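Beneath this line is the structure, given in structure tokens, with notes to follow.
Here is the naming used below: chain letters follow the sequence lines, and residue numbers restart at 1 for every chain. Quantities reported herein were computed from a predicted structural model and do not represent experimental measurements.
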Amino acid sequence: MFPRRLPIPTLRGQSARTDSPRPCRHASPGAVLHPVDQLFAIRTVPVLVPLPAERPYSYAVPEGMAVVPGSIVQVPLGPRQVAGVVWDGETDAVDPKKLRLITKVFDCPPLDRAMRRFIDWVADYTLSPPGLVVRMALRAPAAFDPEALIEGIEATGVAPERLTDARRRVMEAAAETPTWTRSGLAHAAGVTPSVVDGLLKQGVFQTLRLSPPPAVALPDTAYGRAELSPDQAAAAEALVAKGDGFSTTLLEGVTGSGKTEVYFEAVAAALDKGKQVLILLPEIALTQSFIDRFHARFGAPPAEWHSDVPPRRREQIWRQLAEGRIRVVAGARSALFLPFQDLGLVVVDEEHDPAYKQEDRIFYHARDMAVVRGSLGGFPVILASATPSVESRVNAADGRYGHVKLAGRFAEAALPDLSLVDMRLAPPARGRFVSPVLSAAIGETVARGEQALLFLNRRGYAPLTLCRVCGHRFQCPDCSTWLVDHRLRGQLQCHHCGFAVPRPEACPECGTLDHLVACGPGVERIAEEMLATFPEARTILLSSDLPGGARRLRRELDAIAEGEADIVIGTQLVAKGHHFPLMTLVGAIDADLGLANGDPRAAERTFQLLHQVTGRAGRSGGRKSRGMIQTWQPEHAVMRAIASGDAARFYEREITERGRAGLPPFGRLASVIVSANSRREAEEYARLLRRAAPEDPSIEVLGPAEAPLAVLRGRHRFRLLVHSPSRAPVQGFLRATIAAAPRPRGSVQMQIDVDPQSFL
DNA sequence: AGCACGCCGACT
DNA sequence: GTCGGCGTGCTC
């Protein structure tokens, strides 16, 4: 089974003593040297510092300083002071002249053993230096020192000299709660702070130091206990029955079947046992509705953790979490590296979402690392989705994961009627992209006062611009990809590296004016078409590159939910999180779009995206809502699966295909991302790898044009795709290869991406 | 990752 | 003559 397949590769030799229960100052005394020994022996400890070192560095422990593995310490590193973590095991033999003293131990709970093993595991699996992994856990510099105490007041028992009305109200409030802040008490009593000041002066109150207020209120598991359907209750019971030890369970339920309420019961069970809980969400900045639902269930919001959380708040959350004062975090993938004190459950919501994969510096898939965290920490992990990843489906089918299904009988009825629009039979008019069939449906919908959503996963106006006179195509100078016409911004942009030029009027090749022509649709162009076809309808365009950022987007989404638009046109961000009750028609414009981009997961992604976006439709007025999918390949397995609603058959087919092609979760895929100055250099390095390879995996060099992935953002980056159909872990190959081939520096830099699930 | 050192191009 | 570009090496 899975847990025993999680070796800790690098560091071993824990001393059992070191992780013992913590005395109040967070650090146990450690070994005390005999006075005679003190003269000769210098105690050294390994310290993992936040830089790409393969091993922890050795530091000397000053006399009288108490450190244990996990202690967060400040150490000198070259010219500066950095925060590091005392690690497990023995120190390397290091030139005593290099040895430097630990500057100080932060007054902060140490990282627990499970967390340290997790960091080592992630470093080994992702083939990245453990120092860089620990860096992710230490991204809250000011949090290592205790939060500053604030000034509070408490009653002394002395009676006020003259009991005015205002003073009486203050005394009444003070009688109910022992300690207050000055302004807090004044506010609660409905008086000005000067009343409190007066009483303070008289000695009725005295000041004291209070610990700062909690970042979030404690959740109350009894607060908003939902009425569960029999289905939901059974599923919740199945989750809770998994017990406290490690297990992974796939919670699969169609849109609207109430998965969230079900796993909330598992969350409540963990909280009742005094455990902390982590709920991972993809792109949490846009999921206010989740926070609201959590609040309604538990009477308090979870602590939020994502890139939009301001630095001060991050520090507060980091600290209070380490102290165990925060019980629940809802966060993006980076929350996996937070210093939980007693984590007892991780829920990965929308587990299939590609946003869980980090493709920057350290490549990891948060869903899989959550499973690893659960395995090392000995607690359950729940993966929830309406459209699970093929990997999780296979793991569930093979018994590695539990499988809890929510049939959701009411939900079935509320799902939209889906139909394919065969673009070969019902082509749009010239220069248009919406089929007359869909267009008519939009007209009817708007006429009824309902909303229509048009989905097209392509930003901008048109993906290609060419000159009608000489045939010149606008191309990125760095990436050899087409420049995307962004009319609202007046730019041609490269979606790979961010290169942009103002939209030209003349062809740079032949100089002809006004003969440039846009080819293909983007959301801006669909918006234009809708404005022309339905000039009286209120049309809204939603796209990630619109000005105003996430906040404006959230406002727009709220406005749409309130009915302040008739036609909404959006990229894939409309597929996430939001539910639109008035939306009774969803149209997918270029549903085939994602199928031909060379991604081995293209079919799966398209299936999930189309399923999700059509699930946005509401259920207005008892009439079933409709989903219409424009496709040029109606016979494609994905399209057939979407139209028939037969997800099971899609998965079956996809699993067979993957097995045949040796793709994950059966075969292994990894890529070595190299930054090289030219394709030639990248090819050169690929040759080096091939020569050094102990076996013979295929290594393919892909530039930005062939591998349209976020990971290739930036100039001159290439992806060497290592494909191995055998069960032999690609890591083993890469490790050996990297050891044999000179590690590139400077002109060629590399990062490694091992595809999820190959750890099983 | 940062930071210093060191070696070649365009300028006050 | 310097200022400063980033290639290279190092941090216990």
Here the distance between atom C1' of dC10(C) and atom CD of Glu54(A), to the nearest Å, is 15 Å
So, with a heavy-atom separation below 4.0 Å from DNA chain C, the residues of residues 74-85 of chain A are Pro76(A), Leu77(A), Gly78(A)
Pick base, sugar-phosphate or nothing for Pro50(A), based on heavy-atom distances below 4.0 Å to the nucleic acid.
-> nothing
Sequence neighbours excluded, the answer for side-chain hydrogen bond (donor to acceptor under 3.5 Å, both in side chains) partners of Thr571(A) is none
Taken to the nearest whole Å, OH/Tyr57(A) to C1'/dA1(B) is 11 Å
note: Leu101(A), atom CG; dC12(C), atom C1'; distance rounded to Å ~ 11 Å
Separation of dT11(C) atom P from Leu99(A) atom CG, nearest Å, is 13 Å
Atom CZ of Arg135(A) and atom P of dA1(B) are separated, to the nearest Å, by 7 Å
Residue pairs meeting side chain to side chain donor-acceptor pair (under 3.5 Å), one or both in residues 75-85 of chain A, sequence neighbours left out, come to Gln81(A)-Thr103(A)
Arg327(A) meets the side-chain hydrogen bond (donor to acceptor under 3.5 Å, both in side chains) criterion, sequence neighbours left out, with none
Here the salt bridge (charged side-chain N to carboxylate O under 4.0 Å, His left out) pairs for residues 127-147 of chain A, sequence neighbours left out, are Lys104(A)-Asp145(A), Glu147(A)-Arg325(A)
Taken to the nearest whole Å, CZ/Arg55(A) to P/dT11(C) is 16 Å
Residues pairing under salt bridge (charged side-chain N to carboxylate O under 4.0 Å, His left out) where one sits in residues 495-504 of chain A, two or more places apart or in two chains, turn out to be Asp485(A)-Arg503(A)
note: Asp95(A), atom CG; dC10(C), atom C1'; distance rounded to Å ~ 14 Å
Which of Arg333(A), Glu351(A), Glu350(A) passes side chain to side chain contact (heavy atoms under 4.5 Å, CB included) with Arg367(A)? It is Glu351(A)
